[in-house]
2 protein chains.
Amino acid sequence: MGLTIGDLGKATSTKVETIRYYERIGLLPKPVRTAGNYRAYSEADLDRLSFIRRARDLGFPLEQVRELLSLSDDKSQPCAAVDRITSAHLRDIDRKIGDLLALRSELSRMLTTCRQGTIADCRIIETLGPALP
Amino acid sequence: MGLTIGDLGKATSTKVETIRYYERIGLLPKPVRTAGNYRAYSEADLDRLSFIRRARDLGFPLEQVRELLSLSDDKSQPCAAVDRITSAHLRDIDRKIGDLLALRSELSRMLTTCRQGTIADCRIIETLGPALP
DNA sequence: CTTGACCCTGTAGTTGCTACAGGCCCCATA
DNA sequence: TATGGGGCCTGTAGCAACTACAGGGTCAAG
């Protein structure tokens, strides 16, 4: 009866150490222990961990996962808070995508100017180096 | 004579602690010290730090910055190694962009299904929650 | 001569895990 | 019944790349 920490790990593709870490930071409740001091988990724990993992896979940082969890614990609350968190996360991702695209074009511009000579006249190193006087 | 660590920080938009950190991990050489034990930097140090910051701004991780620095120190080396590092970084960025775009579309799909009701029937929470039986 | 801005060292915190070390526990097999 | 191997336990330290103190020293202006 009860799932071991290894069972939970397998079921959610989560490393055992990560589960203990989630417990330590209070994302997962401390489970009951068996006579031999093993953690014994319930289906509810499995659901909660699955929730965490799905949110993490979607890139939510742990603090936002924490908020989403506490929202999902209170079903009568309005949905607006969830919407707010998700929108904020989306804006964050959009900003990151923008940054990366800018980087990407800069790097690929640098690459096209690299003429396979020596470092002495490498345009990439030149770009990184000090401004010419 | 010589630049203080604060001067260097201002000139490169780098926090003083970060400069000391770069010194500790061997990215920047240990500078000479004044009578009062202050670090005194040269223009060459400023150039080197600028190089580091530019590479960091382009998203190169410190280990790759280290490689680029040692390449730029040996001007007779072929440029191919620089090209290789830059290309690898570019592939990395492309992968990240792909990941983020996938996330983005998932999140925005979730948002469009959120109907501003209560948590009880919030589609976002539902998506994160356990599979229905 | 004091004030305030800067500098020094050393250590601990951040995020989200991951990897030990050194030791229990449990089950199956011989 | 002994034993071997897996899995579990706690606690600590490590990763990137900084950042933030605490508790002091130094320097230039007023």
Side-chain angles (χ1 to χ4, degrees), chain A residues 1-28 30-41 45 48-49 51-69 85 88-89 92-93 96 99 103, chain B residues 1-28 30-41 45 48-49 51-69 85 88-89 92-93 96 99 103:
Chain A
M1 49 177 42
L3 304 150
T4 68
I5 196 170
D7 295 338
L8 225 62
K10 257 164 235 145
T12 59
S13 308
T14 308
K15 293 223 160 73
V16 163
E17 291 90 343
T18 304
I19 299 176
R20 286 195 283 248
Y21 168 72
Y22 287 162
E23 177 183 328
R24 206 162 60 243
I25 65 173
L27 265 189
L28 283 177
K30 288 185 197 295
V32 295
R33 298 294 183 117
T34 65
N37 200 31
Y38 281 23
R39 288 167 176 84
Y41 291 101
D45 293 321
R48 193 175 176 91
L49 180 55
F51 184 104
I52 294 170
R53 295 261 88 192
R54 262 178 273 231
R56 291 290 300 130
D57 285 348
L58 286 166
F60 286 97
L62 286 182
E63 274 321 295
Q64 293 188 358
V65 175
R66 210 186 282 275
E67 287 185 62
L68 289 172
L69 275 170
I85 292 171
H89 184 38
D92 226 60
I93 286 174
K96 278 184 193 152
D99 289 353
L103 279 188
Chain B
M1 50 176 46
L3 303 150
T4 68
I5 196 170
D7 295 337
L8 226 62
K10 256 165 236 145
T12 59
S13 308
T14 308
K15 295 223 162 72
V16 163
E17 290 92 342
T18 304
I19 299 176
R20 286 195 283 248
Y21 168 72
Y22 287 161
E23 178 183 328
R24 208 161 58 243
I25 66 172
L27 265 190
L28 283 176
K30 288 185 198 295
V32 296
R33 298 294 182 116
T34 66
N37 200 31
Y38 282 21
R39 287 167 178 84
Y41 292 101
D45 293 320
R48 192 173 176 93
L49 179 54
F51 184 104
I52 294 170
R53 297 262 75 188
R54 261 178 275 229
R56 291 290 299 129
D57 285 348
L58 287 166
F60 287 97
L62 286 182
E63 274 321 295
Q64 293 188 358
V65 175
R66 211 185 280 274
E67 286 185 64
L68 290 172
L69 274 170
I85 292 172
H89 185 38
D92 226 59
I93 286 174
K96 278 185 191 151
D99 289 353
L103 279 188

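Order of the sequence lines fixes the chain letters, A, B, ..., with proteins taken first and strands second; residue numbering starts at 1 for each chain. As the structure is a prediction and not an experimental result, all values here were calculated from the model.
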**Request:** Ignoring backbone atoms, establish whether A/Arg20 has a side-chain N or O less than 4.0 Å from OP1 or OP2 of C/dT18.
**Result:** no
**Request:** Take the protein atom CG of A/Leu27 and the nucleotide atom C1' of C/dC17, then report the distance between them rounded to whole Å.
**Result:** 12 Å
**Asked** So which pairs with a foot in residues 57-66 of chain B pass salt bridge (Lys or Arg N to Asp or Glu O under 4.0 Å), sequence neighbours left out?
**Response** B/Glu63-B/Arg66
**Message:** Checking side-chain polar atoms at under 3.5 Å, does B/Arg53 have a donor or acceptor matched by the opposite partner on B/Tyr22?
**Reply:** yes
**Request:** Report yes if a side-chain nitrogen or oxygen of A/Tyr22 is closer than 4.0 Å to either non-bridging phosphate oxygen (OP1 or OP2) of C/dC17; otherwise report no.
**Result:** yes
**Prompt:** In whole angstroms, how far is the P atom of C/dC17 from the CZ atom of A/Arg66?
**Reply:** 12 Å
**Asked** Over how many whole Å does the gap from A/Leu28 atom CG to C/dC17 atom P extend?
**Response** 12 Å
List every contact pair, protein side and nucleotides 4-6 of chain C side both N or O, where the distance is under 3.5 Å.
residue, atom, partner, partner atom, Å
C/dC6, O2, B/Tyr38, OH, 3.4

**Complete:** Interatomic distance, CZ@B/Arg24 vs OG1@B/Thr18, rounded to 0.5 Å, equals 10.0 Å
**Fill in**
Of B/Lys15 and A/Gly36, the one whose nearest nucleotide on DNA chain D sits closer to the 5' end is A/Gly36
**Asked** Between which nucleotides of DNA chain D, read 5' to 3', does contact with chain A run, using atoms under 4.0 Å from its heavy atoms?
**Response** D/dG7 to D/dT10
**Item:** Spacing between A/Arg39 atom CZ and C/dC24 atom P, to the nearest angstrom
**Value:** 17 Å
**Item:** Heavy-atom donor-acceptor pair, B/His89 side chain to B/Gln64 backbone, under 3.5 Å
**Value:** no
**Item:** Between P of C/dT18 and CG of A/Leu62, the distance in whole Å
**Value:** 11 Å
**Prompt:** Just how far, in rounded Å, is P of C/dT9 from CD of B/Glu17?
**Reply:** 12 Å
